[in-house]
Amino acid sequence: MSKGNSTKITDELYRYMLDHNPPLDAVQRGLVARTYATFPEVAGMQSAEEQGPLLAFLVRLTGARLIVEVGTFTGFSALSMAQALPANGRIIACDVSEEWTAYGREAWEEAGVADRIELRIAPALETLRAMPAEPHIDMAYVDADKESQISYWEELVPRLRPGGLIVTDNTLYHGTVLDESATGSAAGVRAFNDHVAADPRMDSVLLAISDGLTLSRKR
């Protein structure tokens, strides 16, 4: 096996990367800060700072009009994607917490994109199964319960248009995917990664971005 580039991402190099990416705007920056200040023990569930500009880039690249987000937390990723949508674009954001998503609602209003985000507070599988069965989704972002990822995938793929994109976060799961005896969320991510790699309906790549990010395009 040839590993290729072995660049180590130091704190200084990470800052350099952020400095050469599109910067977060004041609303995004404020939401990130409020999340870490209010929920310090679980703030790591927030998508990494560099993923905001990346998600916006993918929205524009795919020309997405309808996006489904599975796992919204305090709304940073939904905000980033909504800002990249055209005025008639829409995000269906799935979460189970009124408390966490309240911070997102405030930020979406402040950014002027609240009309593009439909928040559904319910188990995500219920929301997905209630959607039309035919292909109609342009893009999905999955960052939720790791033990249910295969179930989310199986509901999303048939509803994704040809050429549509699924972006799945945390697919390296802090390196625990290497543990063959993993349990819980780590085992869920391991099973999901194997499932995605073997799915003939999709072309997928797993990238070492943040905690692992898998991009999957429907054939």
Side-chain angles (χ1 to χ4, degrees), residues 22 47-48 50-73 75-96 101 104 108 111 113-146 148-171 188-189 191-207 209-210 212-219:
S47 296
E50 66 270 24
Q51 288 176 233
L54 175 59
L55 289 169
F57 180 87
L58 293 172
V59 171
R60 296 186 182 102
L61 184 67
T62 59
R65 295 292 186 274
L66 176 61
I67 299 170
V68 174
E69 178 177 71
V70 180
T72 296
F73 189 40
F76 172 68
S77 50
L79 171 61
S80 300
M81 292 187 289
Q83 290 174 313
L85 280 171
N88 63 345
R90 185 166 62 112
I91 297 174
I92 297 174
C94 307
D95 207 282
V96 294
T101 55
W108 304 337
V113 296
D115 61 335
R116 301 178 191 178
I117 304 172
E118 179 185 341
L119 180 62
R120 299 188 183 180
I121 300 295
L125 283 175
E126 292 181 9
T127 299
L128 295 176
R129 288 168 179 163
M131 292 180 181
E134 68 272 7
H136 65 287
I137 298 169
D138 299 312
M139 179 173 162
Y141 181 53
V142 181
D143 185 12
D145 170 30
K146 308 310 177 189
S148 299
Q149 282 186 317
I150 292 176
S151 297
Y152 299 144
W153 177 267
E154 288 301 323
E155 295 301 329
L156 286 166
V157 170
R159 293 171 169 84
L160 194 70
R161 66 164 173 81
L165 184 68
I166 298 177
V167 182
T168 309
D169 199 13
N170 303 116
T171 48
V189 175
F192 174 79
N193 289 341
D194 290 342
H195 186 81
V196 169
D199 194 329
R201 300 169 294 179
M202 306 288 285
D203 294 313
S204 298
V205 291
L206 197 167
L207 303 173
I209 296 172
S210 188
L213 198 70
T214 296
L215 306 184
S216 306
R217 180 183 182 274
K218 190 170 184 179
R219 294 176 175 171

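Note that the coordinates shown come from a computational prediction; the quantities given were computed from them, not determined experimentally. If you read the sequence from its start, that first residue is 1, and numbering goes on from there.
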Between the main-chain N or O of Asp143 and the side-chain N or O of Asp169, is there a donor-acceptor pair closer than 3.5 Å?
no
Separation between CD (Glu118) and SG (Cys94), nearest 0.5 Å, reads 9.0 Å
Tightest non-hydrogen contact, residues Pro135 and Pro158, listed as CG-O, 3.5 Å
#### Entry: Any donor-acceptor pair under 3.5 Å from Arg65 side chain to Gly63 backbone
yes
Interatomic distance, OG@Ser148 vs CZ@Phe192, rounded to 0.5 Å, equals 11.5 Å
Between Leu79 and Ala111, the two heavy atoms sitting closest are CD1-CB, 3.6 Å
Worksheet item: Does any N or O in the side chain of Arg159 come within less than 3.5 Å of the main-chain N or O of His136, such that one atom is a donor and the other an acceptor?
Response: no
- Message: Quick one about Gln149 and His195 (side-chain donor to acceptor, distance below 3.5 Å, no hydrogens or angles considered), yes or no?
- Response: no
Exercise. Side chain of Arg201, backbone of Val157: donor and acceptor closer than 3.5 Å?
Worked result: no
Exercise for review: Side-chain contact test, heavy atoms from C-beta onward, threshold under 4.5 Å: evaluate it for Leu213 versus Leu54 and give yes or no.
Suggested key: yes
Between Thr72 and Ala93, the two heavy atoms sitting closest are OG1-CB, 3.3 Å
Heavy-atom nearest pair, Asp95 first then Gly71, reads OD2-C, 3.8 Å
Quiz prompt | Backbone of Ile67 reached by a side-chain donor or acceptor of Asp138 within 3.5 Å | solution = no
inquiry  = Can a side-chain donor-acceptor contact be found between Tyr152 and Thr168 if the only test is distance below 3.5 angstrom?
reply    = no
*Check whether any side-chain heavy atom of Glu155 sits under 4.5 Å from a side-chain heavy atom of Arg129, and report yes or no.*
yes
Worksheet item: How about Gln51 and Ser77: do any of their side-chain heavy atoms sit closer than 4.5 Å?
Response: no
- Message: Go through it in stages, so that I can follow the logic: the residues are Asn170 and Val189, the test is side-chain contact (heavy atoms from CB on, under 4.5 Å), and I'd like the CA-CA distance, side-chain angles, deciding distance and then a yes or no.
- Response: CA-CA 8 Å; Asn170 303 116; Val189 175; 5.6 Å; no
Rounded to the nearest 0.5 angstrom, the CG-CG distance for Asp194 and Asp199 is 12.5 Å
Of all heavy-atom pairs linking Met139 and Ala64, the shortest is CB-CB, 4.1 Å
Looking only at heavy atoms, the pair that brings Ala78 and Ile91 closest together is O-CD1, 3.5 Å
Chi angles and distances behind the side-chain contact (heavy atoms from CB on, under 4.5 Å) call for Leu66, Ile92: CA-CA 8 Å; Leu66 176 61; Ile92 297 174; 4.2 Å; yes
CG of Leu160 to CZ of Arg217, rounded to nearest 0.5 Å, is 10.0 Å
dist Phe76:CZ -> Met81:CE (nearest 0.5 Å) comes out at 10.5 Å
- Task: With side-chain contact (heavy atoms from CB on, under 4.5 Å) as the test, would you mind laying out the steps for Leu58 and Tyr141 before giving the verdict?
- Result: CA-CA 11 Å; Leu58 293 172; Tyr141 181 53; over 6 Å; no
So CD of Gln83 and CZ of Arg116: to nearest 0.5 Å the spacing works out to 8.5 Å
From the list Leu215, Thr214, Leu165, Ile166, side chain to side chain contact (heavy atoms under 4.5 Å, CB included) with Met202 holds only for Ile166
Residues at least two apart in sequence or cross-chain that pass salt bridge (Lys or Arg N to Asp or Glu O under 4.0 Å) with Asp203, listed by chain then number, are Arg219
Does a side-chain heavy-atom distance below 4.5 Å link Thr62 with Arg161? yes
